[in-house]
Structures are given as C-alpha cells and as structure tokens.
2 protein chains.
Amino acid sequence: MSGRSADSITLDIERSIVAGELEEGRPLPAERALMEQYGASRTVIREAITALTAKGFLKSRPRYRPIVCRPDASSAMQAAGGVIKHLLDNSRGVHDLYQVRVLFERVLVRDAATGAGKDDLKRLKDALDDNQAAICDSERFYATDVAFHRVLYTISGNPAYPAIHAGFVEWLAPQWSRMPRSEQRNHDNFLAHQAIYEAILMRDPDAAERALVDHLEASWEFVRSTFFAGENE
Amino acid sequence: MSGRSADSITLDIERSIVAGELEEGRPLPAERALMEQYGASRTVIREAITALTAKGFLKSRPRYRPIVCRPDASSAMQAAGGVIKHLLDNSRGVHDLYQVRVLFERVLVRDAATGAGKDDLKRLKDALDDNQAAICDSERFYATDVAFHRVLYTISGNPAYPAIHAGFVEWLAPQWSRMPRSEQRNHDNFLAHQAIYEAILMRDPDAAERALVDHLEASWEFVRSTFFAGENE
DNA sequence: AATGACGTTTGGTACGACCATATACTGTTG
DNA sequence: CAACAGTATATGGTCGTACCAAACGTCATT
C-alpha cells in the first residue's frame, strides 16, 4: 500500500540480522545476489543497504561489502550519536548532555556506596591507583580518568551502562579531551576521585554523591570557562 | 577521497539543515533540483536522502517530498529507538532498559524533593489529582500515570529529560500499556504516586527515592510475571 | 611456496525510461 | 465570480543498462 518496496526489504534484512540468519561480522551478500533474492532492482537494494547502514545494522567502508552488525546497547548509542553531535555546538547543548551524565553517575556512586562488592571495590581501587600513577602524564591521566568513571558503570552488571558511558565519553570528548591540562589539575582531579572512592568505601552514599557532584561541577566550570567563556548562560 | 560522493552530499545537506538554511518543517527541494545543485545523478541524491531519512533529519511519507527535521533530543531518542526496540524481545533486554529508567527517576525524585519550586509541586499535585480521578477508567489511568511521571522529567528544565521520558514510554509500552488492569491495581498505583508526592512535599529525598523504587519494582514484578513468567532470570 | 600478472566480481556512479500520484493549471459551469 | 471538474505537469518510486575502478580470486611463473 505505501509505495516503498525498499522499506519492506530493509525491514526483512533487519529481521534477518536480529534473527541471526545473517551472521554478525560476516559481509552482506552481494547487491546483485540480493536483487535476485528479493526480485528487486539494484536501486531498491542499495537504498535498503543505505538505510540499514544509517540505522547501524551495517558497517560499510567505501569499496567493501557491508559488514553485518547485530544491534546492542552500543550501536543504539551510536545511532543516537549521529544526531546528538549536532546538539553540541553551543554550551547549552553540551551542558544539557553533561547534566544527564552527572545525573547518571550520581546514582551509580550511591549504589556503589551501598552495594558494591569486594571485587568492585578492588577494581575501583586499581583504577584509582592507575589514575594516581598517571598524574605526571596528562595524556595517560585522561585515559585513567575515563577508566575510573567507567568502573562505576560496570558495577551493576547492566550492559546498557557501559554503552551509555562510552556515549558520554565520545560526545563530550571534543571539549574534555582537548582541555588544557597540568600536573596541578591532574592532581586535583585525582584527589576528587579519591574522595569519591573513600566515600564509597565508607558506605556513605550521601558523601559519595556530594564528592561526585563537586568533582563534576568543577570539571564543567573549567570546561565552560575554557570553551564557552563568551556565551550567555 | 573515499569513494562515496553520496556521503559528502549527505553531510552537506545535514549541515544545511542544522545551519537553518533549509527551514525546519519545509519540504526538501525536488530530487531533480538537488541533482543539478550538486552536479550529481539522481541515484546519488536519492541515496543521500535515504541516509538522511534514516538518520532522522528528514521525515518522508511515501509519495510526498521529504520534510526537513531539525535535530533535537527527541529525534536523538528516536534514532536510538530503531535499534533499541530489537533489544526488547526478551525479559533481559526489557529489564536492562527498565533499570535505566528507574535509575533516572531515582535522581529526579531526589532532586524534586530537595529543589522543586512551588509551581513544580503544583504541577505534580495536579497530575496526582488527575491520576486519582481516573482510577475507575483504566485507559485514562494509564495516561495520567505516564503524565505524573513525566512531570518529574520537566522539573529540571533540561530539554533532554522529557525526550528521554518519551523514549522510555514508547519503548516500554509493548508491556506496560498492554498490562491487564483493574481498579484495584490502579488504586494501588495511585497510592504509590501519592507516597512519592508526599515525600517530595516533605522534602525528604531518601523517602521519595524509596517510595519510587518500591513503586517501580512492584510494577516490574507485575510485568515480569505477566509477560515473562517462563523465562529464566 | 612465494610472487606477480590477469581476468572476474562487485561496489559506486551515471543516464534514461516508465509509472502512479500529488500538485498546479485551466476551462467550464452554476 | 466562485466552485468544480478535467487536464497537464512535476515529482517520487522503480527498473534496466552501462561503465569505471577497486577488490578479489586464479593461475602461471619463478
């Protein structure tokens, strides 16, 4: 009824991918094969492939066969990312997104404080130690900083959380990863991480949340004054 | 350099849309016009349009000109939704997503308890009253239920929050909106909402969070036993 | 067995054609 | 003059063919 046969093909290939008929990581059949399989012209097949690529069900390099991608939380974040990155061209958009991150981590540290297991605490401590060891190397410090926060996203075991973390990191990277760094600032950040860790260790969710919020708000203020100094808030 | 001229056209149109050169809500220029503008064949133009549609920058009904859509938090959620709905075919996926929602609302009620203004409280009270008034009408009750929770997402003023709420509602609807309802259950849910509201009114974040978690976990348990009774958790 | 030349497959692009429908235009009619 | 019906045109959807260049597979040579 609604005129686009490409849509139904898109849907069917999508279904095949989720159903596992098209194996993840394998290349899609050749366009000319698909056009025989679906009895459609190459135009339509290519249109379906384009749509699936944009939707994140295929990864296609220019001259190669598209690779089948099983959808997971990570690809969902990536699909959203195509739009989200356009919302981040001003401080307002960046701050809105950053607030979401802060919101998220506030619960994560609270839950860590109340429910983290011994192994979780150890992973957190390890990440903290790595962070401390990298204070004098700003590039490595950024990586260990991200890694420390990532541990918080892994404690619950919900596979969506690490994917969400990856999204935050990627989307906020234009500002955070390119921020001027100094050993002094690294050290301050390490102390903030330590305060969070210790509050978690003391099983004090309120203190942990407070330490986290202080840390993230200071970080935002630094980014704001660095990149968005002129904009009206 | 990498072989696809459709990609650069996609990017350029995307840029035109965010830059406002293509007005939101207006139809895209005709394909044959674009092919002259970009000096490309219709094949390429159509491929770009397909990609932009899948990315959420255009809304195209079958026989009409595509409508330009400025990206916002809502379209970002929608882009993610195309993938997310495939993750919700088992209780595991639904629960993972539901957990994210719970996480989100836990902070929202805490913040409401500590920082909600008089007008926020009034909107919350109005929603609660609507909810109570609809106890005997299960269909309306579901709507007022959703509306009550939505108020929580509007208090901070962050435009991303209502969009996220809309995403949760849409993605979880297959289970929640089709749950068997009764006046008894509606009443129980209303009492839960009332408890949340009162804790917020008393400026007690811990109580508000507890009331919310109790409410949402009971709701999940009911959904789980209704739709996923056989699955192993 | 490693290597390099060669033909084949395949994705990227273009052109032209046809259909069906939405839209704009036009002439008729009340 | 306005409402309407009929017609012409614009436009999206689909198809087929053709060509190019890069990737791939094959096979003979070393």
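First the proteins, then the strands, lettered A, B, ... as listed; each starts at 1.
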Length of the line joining [X]:[atom1] and [N]:[atom2], which is rounded to integer Å:
X: A:Met35; N: C:dT10; atom1: CE; atom2: P; answer: 13 Å
X: B:Leu34; N: D:dT11; atom1: CG; atom2: P; answer: 11 Å
X: A:Ile49; N: C:dT10; atom1: CD1; atom2: C1'; answer: 11 Å
X: A:Arg65; N: C:dT10; atom1: CZ; atom2: P; answer: 6 Å
X: B:Tyr64; N: C:dT21; atom1: OH; atom2: P; answer: 11 Å
X: B:Ile45; N: D:dG12; atom1: CD1; atom2: P; answer: 11 Å
X: B:Ile67; N: D:dG12; atom1: CD1; atom2: C1'; answer: 13 Å
X: B:Ile9; N: C:dT13; atom1: CD1; atom2: P; answer: 8 Å

Problem set entry | hbond_proxy A:Arg32 side chain to C:dG11 base (donor-acceptor, 3.5 Å cutoff) |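 Per atom types, the contact qualifies.
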Exercise. Side-chain donor or acceptor of A:Arg42 under 3.5 Å from a matching atom on the base of C:dT13?
Worked result: yes
Do [X] and [Y] have a side chain donor and acceptor closer than 3.5 Å?
X: B:Asn158; Y: A:His95; result: no
X: A:Arg123; Y: A:Thr154; result: yes
X: A:Ser75; Y: A:Asp72; result: yes

For this session: Go through C:dA22, C:dG11, C:dA14 for me and flag the one nearest to the B:Ser41 side chain.
Result: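 Of the options given, the side chain of B:Ser41 lies nearest C:dA14.
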Exercise. Which of these nucleotides, D:dG13, D:dT11, D:dA22, is closest to any side-chain atom of B:Glu31?
Worked result: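 Of D:dG13, D:dT11, D:dA22, D:dG13 is nearest to the side chain of B:Glu31.
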Exercise. Would you say B:Thr43 reaches C:dC15's phosphate, i.e. side-chain N/O to OP1/OP2 under 4.0 Å?
Worked result: no
Exercise. Nearest nucleotide by nearest heavy atom, which residue falls closer to the 5' end of DNA chain D, A:Arg61 or A:Val44?
Worked result: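 Result of the comparison: A:Val44.
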Problem set entry | Minimum heavy-atom distance between A:Leu216 and A:His149, given as atom pair plus value |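 Where A:Leu216 meets A:His149 most closely, the heavy atoms are CD2-CE1, 4.0 Å.
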For this session: Using the salt bridge (charged side-chain N to carboxylate O under 4.0 Å, His left out) rule, pick out the option among A:Arg70, A:Arg26, A:Arg15 that qualifies with A:Glu21.
Result: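 The passing option is A:Arg15.
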For this session: Could you tell me whether A:Arg46 contacts a base, only the sugar-phosphate backbone, or nothing, with contacts defined as non-hydrogen atoms closer than 4.0 Å?
Result: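 Here A:Arg46 touches the bases of the nucleic acid.
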